[in-house]
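Numbering of residues begins at 1 and proceeds along the displayed sequence. Just so you know, ligand 1 is whichever comes first in the structure, and atom 1 is the first atom listed for that ligand.
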Amino acid sequence: MDLFDDLPPTSEAARLALAPGAVLLRAFARQDDVALLAAVEHVLKQAPLRHMQTPGGYTMSVSTSSCGALGWVSDPHGYRYAARDPVSGKHWPVMPECFLRLAERAATEAGFADFHPEACLINQYVPGAKLSLHQDKDEKDLLAPIVSVSLGLPAIFLFGGTDRKQRPQRYRLAHGDVVVWGGPARLAFHGVAPLEEGDHALLGGRRINLTFRKVQLHQ
Ligand code: SIN
Ligand code: FE2
């Protein structure tokens with residue numbers, strides 16, 4: 001028995017507005033967790049996690065991979081979306097059906113119907129890994145929201161405004177939580193505080209985050 005077992009995922013108690021256009025849907029992905037994690041493993045067998053370099057010359061503490069028609073890539077030349085995995089030279093793995101269905105359902109629940117992402121970035125955090133405050137702005141389509149799914153160890157999510165100077169709020173994201181931000185919040189600064197040690201029943205000492213993005217216009 002768990003705190004959220006008696007809450008239907010779309011109930012009022014399970015949603016928290018973070019800002020206009022941004023909502024946290026608590027436990028929204030919980031009932032799909034086993035299928036999602038099997039699909040993550042399947043993707044990662046084809047496109048293993050790697051620590052990317054940033055244009056500023058740092059190595060990211062988070063390790064990443066992607067699936068879908070496009071994958072997010074960072075290297076000393078910049079950030080961009082690419083159709084092929086630069087490590088293997090092959091197309092990114094196909095986006096699993098259960099990923100797509102969940103992302104579309106969460107977007108709809110958050111008020112963004114017709115969300116059809118062509119990219120899913122997979123981020124893995126181990127204790128100490130973090131993501132500095134940033135905006136997701138490498139996508140051409142800024143009308144579509146970002147859908148972010150948390151699995152495994154809990155993390156502190158920092159969510160601010162569209163101005164970097166605005167101090168971000170802190171939210172604890174647990175296994176199965178989904179955050180959707182779009183509209184006036186689409187370019188909100190966000191990040192993840194260094195992951196704390198822990199042992200999750202399904203993922204052990206890790207957190208996996210999936211972010212779904214609509215990259216291209218008119219597709
Ligand atoms: C991201 O900003 O791409 C990931 C956010 C998260 O890990 O919760
Ligand atoms: Fe982001």
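In this structure, His200 and His175 have tilted ring planes: the angle between them lies in the 30° to 60° band. Ring geometry, Phe157 versus Trp181: the interplanar angle falls from 30° to 60°, so the pair is classed tilted.
A donor-acceptor pair under 3.5 Å links the side-chain atoms of Arg50 to the main chain of Thr64, judged by distance alone. A donor-acceptor pair under 3.5 Å is formed between the side chain of His134 and the backbone N or O of His190.
If you check which protein heavy atom lies closest to atom 1 (C) of ligand 1, you get Leu131 CD2, 3.5 Å. Closest to atom 7 (O) of ligand 1, if we only count protein heavy atoms, is Tyr125 OH, 2.5 Å. For atom 5 (C) of ligand 1, the closest non-hydrogen atom of the protein is Asn209 OD1, 3.7 Å.
Listed by atom number, the atoms of ligand 1 under 4.0 Å from Arg207 heavy atoms are 6 (C), 7 (O), 8 (O). Shown in contact with His134 at under 4.0 Å from a heavy atom are these atoms of ligand 1, numbered in order with element: 2 (O). Taking every heavy atom of His190 and a limit of under 4.0 angstrom, the matching atoms of ligand 1 come to 2 (O). Near Val192, meaning under 4.0 Å from one of its heavy atoms, ligand 1 places the atoms 5 (C), 6 (C), 7 (O), 8 (O).
Residue Arg213 places a heavy atom under 4.0 Å from ligand 1.
Hydrophobic clustering, defined by side-chain heavy atoms of Ile, Leu, Val, Met, Phe, Trp and Tyr closer than 4.5 Å, groups Leu158 together with Leu133, Ile156, Phe189. Cluster partners of Leu142 are Leu187, counting Ile, Leu, Val, Met, Phe, Trp and Tyr whose side-chain heavy atoms approach within less than 4.5 Å, directly or via other members. Chaining together hydrophobic side chains whose heavy atoms lie under 4.5 Å apart places Val73 alongside Trp92.
Rounding to the nearest 0.5 Å gives a distance of 5.0 Å between CD1 of Ile122 and CG of Leu44.
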Worked check of salt bridge (Lys or Arg N to Asp or Glu O under 4.0 Å) between Asp75 and Arg80: CA-CA 9 Å; Asp75 66 19; Arg80 66 190 170 279; 2.7 Å; yes

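Within the 4.5 Å cutoff, side-chain heavy atoms of Ser148 are placed close to those of Asn209.
Protein N/O/S atoms closer than 2.8 Å to the Fe ion (ligand 2), listed by chain and residue number, are His134 NE2, Asp136 OD1, His190 NE2.
With a 4.0 Å heavy-atom cut-off, ligand 1 is reached by no atom of Val179.
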